[in-house]
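A short write-up of the structure that comes next.
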Amino acid sequence: MKPSLPKGTRDFLPHEVRRRNYIFDTIRTYFHRYGYQPIETPVMENLSTLTGKYGEEGDRLLFKVLNNGDFLSKAKEQDLAAKDSTAVLSQISKRGLRYDLTVPFARYVVMHQNDLAFPFKRYAIAPVWRADRPQKGRYNEFYQCDADVVGSDSLLYEAELTQLLDEVFTKLGLGVVIRLNHRGILAGLAELAGHADRLGDITVAVDKLDKIGMEGVERELLDRGIDATAVATIKQFLHTDDLEEVAPLLANSAVGQRGVTELREVLSSVGPLVNRVVFDVTLARGLDYYTGCIFEVTVDPELHPAIRMGSIAGGGRYADLMGIFGGRDLPGVGISFGAERIYDVLEELEGFPEDASQSLEYLVVCLDEESLRHGFDLVGDMRKAGRNTDLYPSAAKLGKMMKYADQRAAPKVIIIGSREAQSGEYSVKTMRSGEQETVARASLVRPVSATE
RNA sequence: GUGGUUGUAGCUCAGUUGGUUAGAGCGCUGGAUUGUGAUUCCAGAGGUCGCCGGUUCAAACCCGGUCUUCCACCCCA
């Protein structure tokens, strides 16, 4: 048979894994620096934990795991006969793959609330699965890098997460725009339009502004059954990216005012940042559970005009995520880095550092059997000394071995023939420059910590 | 989930109105060069034309189905 992969999944070559790890390591470093602790949860959750948490659309995108055993015999005959997928599903599948890291985290907090110190700050870097139709930058299996804090409603955490976003992207060499909005502002907007109950429809439409333009948003709102006067009210908000211009419009809305006040506080406490932080009233974000500030990060089009990519990180505050699992009502706020998309962007910008794709320092090649034995000993000693070293395992033609060294991207090649084996003075070739020098064995096996 | 698109050598792609043995560049293997890679020259290997079925004397090419890729929706990192 011909091997293949499931749709929307990928293999990674060694250099790709190294580059992905560079991103993960960078993010992890700052998670640690900001006091977030690692936790792990299973890739499978009970379906009851996952369903109903992401809206109707999310349920459709959940990967379900078929029960083991003779599962069909346990399903109801009439549901099977009626081909009622929804009814049959609960009878043949009790588990599913996690769709994100936030809902499993909420489950985790509720189950372990007596073992955790609040505010509890955790991070997780792990794969999640969505049965979406794949596109570029959109996979059925992908990694998320989440940092959340639960058990505090302090707005300092919003400010802290903004700083964290800024630092990580600065370290990665990416110029970004960090967009902020507040669910309260969107709720206030809906309230003023006289459609407080239609917040979902309004935010979905407003969110598309930069994609379909003002007229498109207007049409979308009308299509969704929002009346013309309300649409006019909503449009007032969309002409500015200045929080202080929006504030007076919300004077008569309590939730709106709260949103403005909180955003003001966050913006005033973040301090100086490398990247731009902007207020964006059109920022909605899909997930239903957000209740306060919401974040989204995009590549700065002024600094990287060639890049076309959606959001590369996002997050927000949620007031009652634990409540759905019957836990104490703990507020939380978190962010998530889209590592796959960051990878694609860095690839396109050639933004990976040289050493991110190479860990091997030396390759030892030997010209005859006797030298090979000598080389094997040398490699062992060099490894003990802390140098990443590898050996070509047979005495082959030098040209062939040099080619292998080139493919392995070995920075330096140590060549051992009978001359070198006898004297302990090796020819060491620096591949990049092509220069060759003689190096004594002693300096190669000296522990790295002693020389540096 | 809806509509469209793509698939030919390891990779990127040609392939005429359906017509004998399906090509190129790069890569790969060997040699020129038995102690020097990435650069030169020569030679060679490598293909169920995504898969299944249909039309036809004849299918990489036409038709149906299916899988996959990418795109626009929906939604989203």
Side-chain angles (χ1 to χ4, degrees), chain A residues 1-10 13 23 27 54-62 85 98-102 125-146 200 203-205 207-208 211-212 216 220 223-224 283-288 295-299 308-316 334-345 363 365-368 371 392 395-421 426-437:
Chain A
M1 66 166 272
K2 200 171 176 178
S4 63
L5 282 175
K7 172 167 60 174
T9 66
R10 300 163 295 165
L13 293 168
I23 295 172
I27 293 169
Y54 308 103
E56 203 175 314
E57 189 70 14
D59 285 354
R60 207 194 75 212
L61 298 178
L62 282 174
S85 302
R98 64 177 169 224
Y99 177 91
D100 71 0
L101 301 175
T102 308
I125 296 176
V128 301
W129 292 267
R130 294 183 189 178
D132 212 348
R133 191 170 287 206
Q135 286 180 32
K136 201 176 197 74
R138 222 172 149 171
Y139 308 97
N140 286 351
E141 175 182 67
F142 62 96
Y143 271 70
Q144 285 191 331
C145 312
D146 278 25
T203 52
V204 166
D207 194 33
K208 296 181 182 171
K211 204 171 192 175
I212 60 179
E220 178 100 16
D223 286 350
R224 286 171 182 268
L283 173 59
R285 292 193 62 76
L287 293 170
D288 297 335
F295 309 86
E296 193 156 288
V297 178
T298 48
V299 173
R308 294 179 56 81
M309 181 64 78
S311 67
I312 53 175
I335 55 168
S336 178
F337 289 88
E340 320 286 348
R341 288 186 176 178
I342 294 170
Y343 182 98
D344 289 345
V345 170
L363 182 75
V365 304
C366 306
L367 295 164
D368 55 65
S371 308
Y392 195 89
K397 282 193 180 180
L398 186 54
K400 182 178 172 142
M401 296 192 290
M402 292 305 289
K403 188 162 189 168
Y404 179 73
D406 194 45
Q407 289 172 324
R408 288 286 303 270
K412 287 173 187 291
V413 177
I414 299 175
I415 300 162
I416 304 180
S418 52
R419 282 203 305 270
E420 289 86 351
Y426 309 118
S427 302
V428 177
K429 177 160 179 168
T430 303
M431 296 298 273
R432 177 180 283 278
S433 63
E435 281 166 19
Q436 204 158 308
E437 55 182 344

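No hydrogens, no waters, no symmetry mates; every other heavy atom, side chains included, goes into these values. Just so it is clear: chains get the letters A, B, ... in the order the sequence lines come, proteins before strands, and each one is counted from 1.
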Of the listed nucleotides (B/rU68, B/rU36, B/rC76), which one gets closest to any side-chain atom of A/Arg341?
B/rC76
Nearest-angstrom distance, C1' atom, B/rC67 to B/rG53
15 Å
So what does A/Gly315 hit on the nucleic acid, given a heavy-atom distance under 4.0 Å: a base, only sugar-phosphate, or nothing?
nothing
One pair to check against side chain to side chain contact (heavy atoms under 4.5 Å, CB included): A/Ser336 and A/Leu101. What are the steps and the verdict?
CA-CA 9 Å; A/Ser336 178; A/Leu101 301 175; over 6 Å; no
In whole angstrom, give the distance that lies between atom CZ of A/Arg224 and atom C1' of B/rC75.
11 Å
Atom P, compared across B/rG30 and B/rG15: separation rounded to whole Å:
34 Å
Counting only distance, no hydrogens or angles, is the base of B/rG3 paired donor-acceptor with the side chain of A/Arg133 under 3.5 Å?
yes
Take atom C1' in B/rU55 and the same atom in B/rG65, then report the distance between them in whole Å.
15 Å
Just how far, in rounded Å, is C1' of B/rC76 from CG of A/Asp146?
14 Å
Tell me the interatomic distance from A/Asp132, atom CG, to B/rC74, atom C1', rounded to whole angstroms.
9 Å
Assign each of A/Asn140 and A/Ile212 the nucleotide of RNA chain B bearing its closest heavy atom; nearer the 5' end lies the nucleotide of A/Ile212
Between B/rC75, B/rU36, B/rA77, which nucleotide gets closest to the side-chain atoms of A/Gln436?
B/rU36
If you look at every strand shown and take non-hydrogen atoms under 4.0 Å, does A/Gly314 touch a base, only sugar-phosphate, or nothing?
nothing
Tabulate below the donor-acceptor pairs under 3.5 Å that side-chain atoms of residues 337-345 of chain A make, not counting sequence neighbours, or state none.
residue: A/Glu340; atom: OE1; partner: A/Arg10; partner atom: NH2; Å: 2.6
residue: A/Glu340; atom: OE1; partner: A/Arg20; partner atom: NH1; Å: 2.7
residue: A/Glu340; atom: OE2; partner: A/Tyr143; partner atom: N; Å: 2.7
residue: A/Arg341; atom: NE; partner: A/Gly137; partner atom: O; Å: 3.1
residue: A/Arg341; atom: NH1; partner: A/Ser311; partner atom: O; Å: 3.1
residue: A/Asp344; atom: OD2; partner: A/Tyr139; partner atom: OH; Å: 3.4

Contact class for A/Ser311 (heavy atom, under 4.0 Å): base, sugar-phosphate, or nothing?
sugar-phosphate
Now, which nucleotide makes the Watson-Crick or G-U wobble pair with B/rG53, with each of the two distances under 3.5 Å?
B/rC63
Please report the distance separating the P of B/rC62 from the corresponding atom of B/rU6, rounded so that it comes out in whole Å.
11 Å
How long is the line joining CG of A/Leu398 and P of B/rU36, in whole Å?
6 Å
hbond_proxy A/Glu56 side chain to B/rG1 base (donor-acceptor, 3.5 Å cutoff):
no
When rounded to the nearest Å, what value does the distance between C1' atoms of B/rA45 and B/rC74 take?
49 Å
Comparing A/Lys211 with A/Lys429, nearest RNA chain B nucleotide closer to 5' gives the residue A/Lys429
Nearest-Å distance once atom C1' is located in both B/rU68 and B/rC75:
22 Å
Closest non-hydrogen atom pair between A/Leu283 and A/Phe295, with its separation
CD2-C, 4.0 Å
Ignoring the backbone of A/Lys7, work out which of B/rA77, B/rA72, B/rU69 is nearest its side chain.
B/rU69
A/Phe142 aromatic ring stacked with six-membered ring of B/rA77, 5.5 Å and 30°:
yes
Output yes when at least one side-chain N/O atom of A/Lys400 is less than 4.0 Å from OP1 or OP2 of B/rU33, else no.
no
If we call it a pair only when both distances are under 3.5 Å in a Watson-Crick or G-U wobble match, what pairs with B/rA43?
B/rU29
Protein-nucleotide distance (A/Ile415, atom CD1; B/rU36, atom C1'), rounded to Å:
6 Å
Rounded distance in Å - OH (A/Tyr404) to P (B/rG35)
21 Å
Would you check if there is a donor-acceptor pair between the side chains of A/Glu420 and A/Ser427 at a distance under 3.5 Å?
yes
State, to 0.1 Å, how close A/Leu367 and A/Gly417 come at their nearest heavy-atom pair, and which atoms those are.
CD1-CA, 3.8 Å
I'd like to check A/Met402 versus A/Met431 (side-chain heavy atoms, cut-off strictly below 4.5 Å). Are they in contact?
yes
Is a side-chain donor or acceptor of A/Asp146 paired with a backbone partner of A/Gly334 at a separation under 3.5 angstrom?
no
Same-atom distance (C1') from B/rG4 to B/rU69, integer angstrom
13 Å
Nearest-neighbour nucleotide for the A/Lys403 side chain, B/rC28, B/rC71, B/rG1 considered
B/rC28
Applying a 4.0 Å non-hydrogen cut-off, can you work out what A/Leu5 is touching in the nucleic acid: base, sugar-phosphate, or nothing?
nothing
Nearest-Å distance for atom pair CG/C1', residues A/Asp344 and B/rC70:
14 Å
Between B/rC28 and A/Gln407, is there an OP1 or OP2 to side-chain N/O distance shorter than 4.0 Å?
yes
Which part of the nucleic acid, if any, lies within contact of A/Phe337, taking any heavy atom under 4.0 Å across all strands shown: a base, the sugar-phosphate backbone alone, or nothing?
nothing
With C1' as the reference atom in both, quote the distance from B/rU8 to B/rG3 in angstrom, rounded to an integer.
27 Å
Using Watson-Crick or G-U wobble geometry with both distances below 3.5 Å, tell me the partner of B/rC13, or none.
B/rG23
Over all strands shown, is A/Glu420 touching base, sugar-phosphate only, or nothing at heavy-atom distances under 4.0 angstrom?
base
Choosing from B/rC73, B/rG35, B/rG37, which nucleotide comes nearest the side chain of A/Ser427?
B/rG35
Is the phosphate of B/rG30 approached by A/Lys397 (side-chain N or O, under 4.0 Å from OP1 or OP2)?
no
Indicate the atoms forming the closest heavy-atom contact of A/Tyr99 with A/Arg130, along with that distance.
O-NE, 3.0 Å
Rounded to the nearest angstrom, tell me the gap between atom CG in A/Asp100 and atom P in B/rC76.
12 Å
As a test of reading the structure: which of B/rC75, B/rC74, B/rG35 is closest to the side chain of A/Gln135, going by heavy atoms?
B/rC74
